[in-house]
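In what follows, chains carry the letters A, B, and so on, assigned in the order in which the sequence lines appear, proteins first and then strands, with residues in each chain numbered from 1.
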Number of protein chains: 2
Amino acid sequence: MHHEKLIKTIKERRDVMQVTQETLAELSGVGLRTLKQFESGKGNPTLITLQKLSDVLGLEVCLQLKNITKANETGENTI
Amino acid sequence: MHHEKLIKTIKERRDVMQVTQETLAELSGVGLRTLKQFESGKGNPTLITLQKLSDVLGLEVCLQLKNITKANETGENTI
DNA sequence: ATATAAAGTGTACTATATAGCACTTTTTAA
DNA sequence: TTAAAAAGTGCTATATAGTACACTTTATAT
């Protein structure tokens, strides 16, 4: 997952859960400014920050082999 | 994936590929010290750092829904 | 056993992520 | 169309990640 898609995943998941940036910031313990910067593509969050956000959203950061399947190259069927 | 397991994944993958920390550092453009700190559990790398390392190892950082299946809870069958 | 390679650590500087505040812009409802 | 909510931004202080160098410890061969 490239940077953009990670951001997109977080944003979409937050939207699906109907959580505002402000609420997610509070729930995760991440500063609102940090979340704003990340979602607007201007951040380079630390792993811990990413994990805090992911936790609240029911997501988890993981490492996968690249190209496990050729499916989903278009970015469809994303979480 | 909790922090420890991410580290384990990177280490194991590096071992499988027979790449030393030094070589991985060079290939990825990440400082050797940074890699050492991360692998020894004392780091909190930024997303970009993690991605640089992952790239060289043929891995990718991704976000998954937690508990997609109950399988692999023991940490077996890891990449 | 011991030489060599690989991994880990102390110190210290620089770059930058985090964070809060106040403000602007954009989106969403009424 | 306009008021309210949500998202984005400039500025700035502080904390800490990234980095290099020199060194120690641990693994690995021979």
Student: Report, as a single string ordered 5' to 3', how protein heavy atoms within less than 4.0 Å touch nucleotides 20-30 of chain D: B base, S sugar-phosphate only, - not at all.
Tutor: BB---------

Student: Would you give the length of the straight line joining atom CG of A:Leu63 to atom SG of B:Cys62, rounded to the nearest 0.5 angstrom?
Tutor: 7.0 Å

Student: Can a donor-acceptor pair be found, under 3.5 Å and without considering hydrogens, that links the side chain of A:Lys66 to the backbone of B:Asp55?
Tutor: yes

Student: Is it the case that the side chain of A:Thr23 and the backbone of A:Val19 share a donor-acceptor pair, with hydrogens and angles ignored and the cut-off at 3.5 Å?
Tutor: no

Student: Starting at atom CD of B:Gln21, determine the distance to atom P of D:dT19, rounded to an integer number of angstrom.
Tutor: 14 Å

Student: Starting from P on C:dT26, measure out to NZ on A:Lys11 and report it in whole angstrom.
Tutor: 14 Å

Student: Answer yes or no: is there a side-chain heavy-atom contact under 4.5 Å between B:Glu39 and B:Ile10?
Tutor: yes

Student: Taking 4.0 Å as the cut-off, does a side-chain nitrogen or oxygen of B:Thr34 come that near to OP1 or OP2 on D:dT19?
Tutor: yes

Student: What is the distance from CD1 of A:Ile10 to C1' of D:dG8, rounded to the nearest Å?
Tutor: 18 Å

Student: Respond yes when some side-chain nitrogen or oxygen of A:Gln37 is under 4.0 Å from OP1 or OP2 of D:dT9, and no when none is.
Tutor: no

Student: Mind checking whether B:Leu50 and B:Phe38 have side chains closer than 4.5 Å, heavy atoms only?
Tutor: yes

Student: Is the distance from OP1 or OP2 of C:dG8 to the nearest side-chain N or O of B:Lys42 less than 4.0 Å?
Tutor: no

Student: Looking across every strand, which nucleic acid part, if any, lies under 4.0 Å from B:Gly29 by heavy atom: base, sugar-phosphate, or nothing?
Tutor: sugar-phosphate

Student: If you compare all heavy atoms of A:Gln51 against all heavy atoms of B:Met1, which two are closest, and at what distance to 0.1 Å?
Tutor: NE2-O, 3.6 Å

Student: Using atom CZ of B:Phe38 as one end and atom P of C:dA7 as the other, report the distance to the nearest whole Å.
Tutor: 15 Å

Student: CD of B:Glu26 versus C1' of D:dT19: gap in Å, rounded?
Tutor: 15 Å

Student: How long is the straight-line distance from CZ of A:Arg14 back to CG of A:Leu24, given to the nearest 0.5 Å?
Tutor: 6.5 Å

Student: Starting at atom CZ of A:Arg14, determine the distance to atom C1' of C:dT27, rounded to an integer number of angstrom.
Tutor: 12 Å

Student: Might you point out which heavy atoms bring B:Asn44 and A:Ile48 nearest each other, and give the distance in Å?
Tutor: OD1-N, 3.0 Å

Student: Give the minimum heavy-atom separation between B:Gly41 and B:Ile7, together with the two atoms involved.
Tutor: CA-CD1, 3.7 Å

Student: In whole angstrom, what separates A:Leu35's CG from D:dT9's C1'?
Tutor: 14 Å

Student: Distance check needed: C:dT28 P versus A:Gln18 CD, whole Å only.
Tutor: 12 Å

Student: Residues from residues 45-54 of chain A sitting under 4.0 Å of DNA chain C, heavy atoms only?
Tutor: A:Pro45, A:Thr46, A:Thr49

Student: Check whether any side-chain nitrogen or oxygen of B:Ser40 sits under 4.0 Å from OP1 or OP2 of C:dA7, and answer yes or no.
Tutor: no

